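Just so you know, residue 1 is the first one in the sequence shown, and it goes up from there. Predicted model, so just to flag it, every value in this text is computed and none were measured.
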Amino acid sequence: MAHTAMSGYGTTAGDDPLQTAVWRLRSRACWADAAALIEPCTAGASLQRAGLLVERCLYTEQGWEEAEDALRTAEAQARSDDERGAAACERGQLAYAATLLGVRDRADEARAALGRAAALIAPGAPGRAMLDFRRGLLAENLARSPQAARAAYRRAHAGATAHSDPLLLSFTWRHLAGLALRDGELAEARHGFGESLRIREELGYLVGTAPALASLADAETEPEASRLRAEAGRLFRLLGGVPTWLARQLTPPAATA
């Protein structure tokens, strides 16, 4: 969920060794270690480092100050519209995460930052797909507008497809499937959740595999749902309880009665 440049590097053979190391750490929930490998000496490097630390906040509910510091560095180094737009996109994501997780209400900041990013990142540019996805998150989870969220996710899905960004595709598949599940479209939901899980397993995105398993479980019947949820729980514990918000989803409804 961090800067789009990251998702295309380190995931296939022949990629830059540094990016491969960063990806392996990131995918195993070691965001701070991954960020430590990146020297923030250019705008691109600073954006990648900030993106890692922003993602850590969303998954662990920790590290807010480090993310803010890294983001300020990235904002100061940004020179082109694309760089300024990418920094604004990360600013919006950090404000969104703080609001969603109840740290502090920064919804207005999130909207403003993503709006600024939309004015800077050209339609069709590689960073536009991630921006569209994040605008979908705001629409779904803060504005409570599933129609606007679906439209944004579909734009992000098309952009991720056009720019061959499989990690972002795993997110768009999952969130479109979540909206389908809410509407009672079980077949569509299972397909989307299944595609998200397949991509994450192929990429080795371990920290995202447990949420994908849990989401698919929500669309399945027993005993498959319990099997998927148990596997998600195993991975969740393996990673030390990350992402933190998954704990609620792993508790089946009957267990809370």
Side-chain angles (χ1 to χ4, degrees), residues 1-12 15 18-38 47-64 66-67 70 89-90 93-94 96-98 100-101 103 129-130 133-134 136-137 141 156 160 165-178 192-218 227-251:
M1 297 169 69
H3 187 233
T4 47
M6 292 166 47
S7 60
Y9 298 141
T11 58
T12 59
D15 282 334
L18 173 61
Q19 293 299 331
T20 299
V22 168
W23 168 253
R24 286 175 177 168
L25 288 166
R26 177 193 179 195
S27 65
R28 288 160 176 76
C30 300
W31 294 279
D33 291 338
L37 295 179
I38 301 169
L47 280 166
Q48 183 177 11
R49 186 172 181 274
L52 286 164
L53 296 175
V54 169
E55 186 171 80
R56 178 177 67 162
C57 292
L58 183 61
Y59 277 70
T60 68
E61 303 181 54
Q62 298 177 356
W64 301 96
E66 293 91 336
C89 190
E90 292 300 339
Q93 181 71 354
L94 185 62
Y96 162 77
L100 183 73
L101 298 172
V103 176
M130 179 61 79
F133 174 70
R134 289 174 171 175
L137 292 177
N141 298 314
D165 189 341
L167 183 60
L168 181 54
L169 275 174
S170 81
F171 282 97
T172 55
W173 272 121
R174 180 166 173 257
H175 283 267
L176 284 167
F193 287 140
E195 285 296 295
S196 178
L197 176 60
R198 176 187 63 79
I199 292 170
R200 292 179 180 195
E201 288 179 336
E202 288 177 356
L203 292 176
Y205 187 49
L206 193 61
V207 73
T209 300
L213 285 163
S215 292
L216 183 56
D218 288 343
R227 185 194 70 78
L228 291 166
R229 201 169 279 114
E231 177 63 11
R234 185 187 69 80
L235 287 174
F236 177 71
R237 291 187 295 274
L238 179 68
L239 292 173
V242 176
T244 54
W245 40 260
L246 187 60
R248 294 183 296 275
Q249 193 175 351
L250 289 175
T251 304

Who passes salt bridge (charged side-chain N to carboxylate O under 4.0 Å, His left out) against E195, sequence neighbours left out?
-> R198
Counterpart residues, salt bridge (charged side-chain N to carboxylate O under 4.0 Å, His left out), relative to R174 (two or more places apart) | none
Show the numbers, then the answer: is there a side-chain contact (heavy atoms from CB on, under 4.5 Å) between C30 and R24?
-> CA-CA 8 Å; C30 300; R24 286 175 177 168; over 6 Å; no
Approximate separation, where rounding is to 0.5 Å, of [X] [atom1] and [Y] [atom2]:
X    : Y    : atom1 : atom2 : answer
E201 : L206 : CD    : CG    : 10.0 Å
Q249 : R229 : CD    : CZ    : 7.5 Å
L52  : R26  : CG    : CZ    : 6.5 Å
E90  : Q48  : CD    : CD    : 10.5 Å

List in chain and number order the residues that pass side-chain contact (heavy atoms from CB on, under 4.5 Å) with [X], two or more places apart in sequence or in another chain; answer none if no residue qualifies.
X    : answer
A67  : L53, V54, C57, L94
L100 : L58, Y96, N141
Q62  : T60
L37  : L18, A21, V22, L25

Might you point out which heavy atoms bring [X] and [Y] nearest each other, and give the distance in Å?
X    : Y    : result
G63  : R56  : CA-NH2, 3.5 Å
A129 : A156 : O-CB, 3.3 Å
L246 : P211 : CD2-N, 3.8 Å
A70  : R49  : CB-NH1, 3.5 Å

Residue list, side-chain hydrogen bond (donor to acceptor under 3.5 Å, both in side chains) with E66, at least two apart or on another chain = none
Mind checking what makes side-chain hydrogen bond (donor to acceptor under 3.5 Å, both in side chains) contact with S170, not counting sequence neighbours?
-> R200
When you compare the side chain of [Y] with that of [X], does any pair of heavy atoms fall below 4.5 Å?
X    : Y    : answer
L228 : F193 : no
H175 : S196 : no
D165 : F133 : no

W31 vs V207, side-chain contact (heavy atoms from CB on, under 4.5 Å): CA-CA, chis, key distance, verdict = CA-CA 11 Å; W31 294 279; V207 73; 3.8 Å; yes
Check residues 234-243 and write down every donor-acceptor pair under 3.5 Å in which the side-chain atom is one partner and the other belongs to a residue at least two apart or another chain.
from	atom 1	to	atom 2	distance (Å)
R234	NE	E231	OE1	3.3
R234	NH2	E231	OE2	2.9
R237	NH1	G233	O	3.4

Derivation and outcome, side-chain contact (heavy atoms from CB on, under 4.5 Å), residues E61 and V103 | CA-CA 8 Å; E61 303 181 54; V103 176; 5.7 Å; no
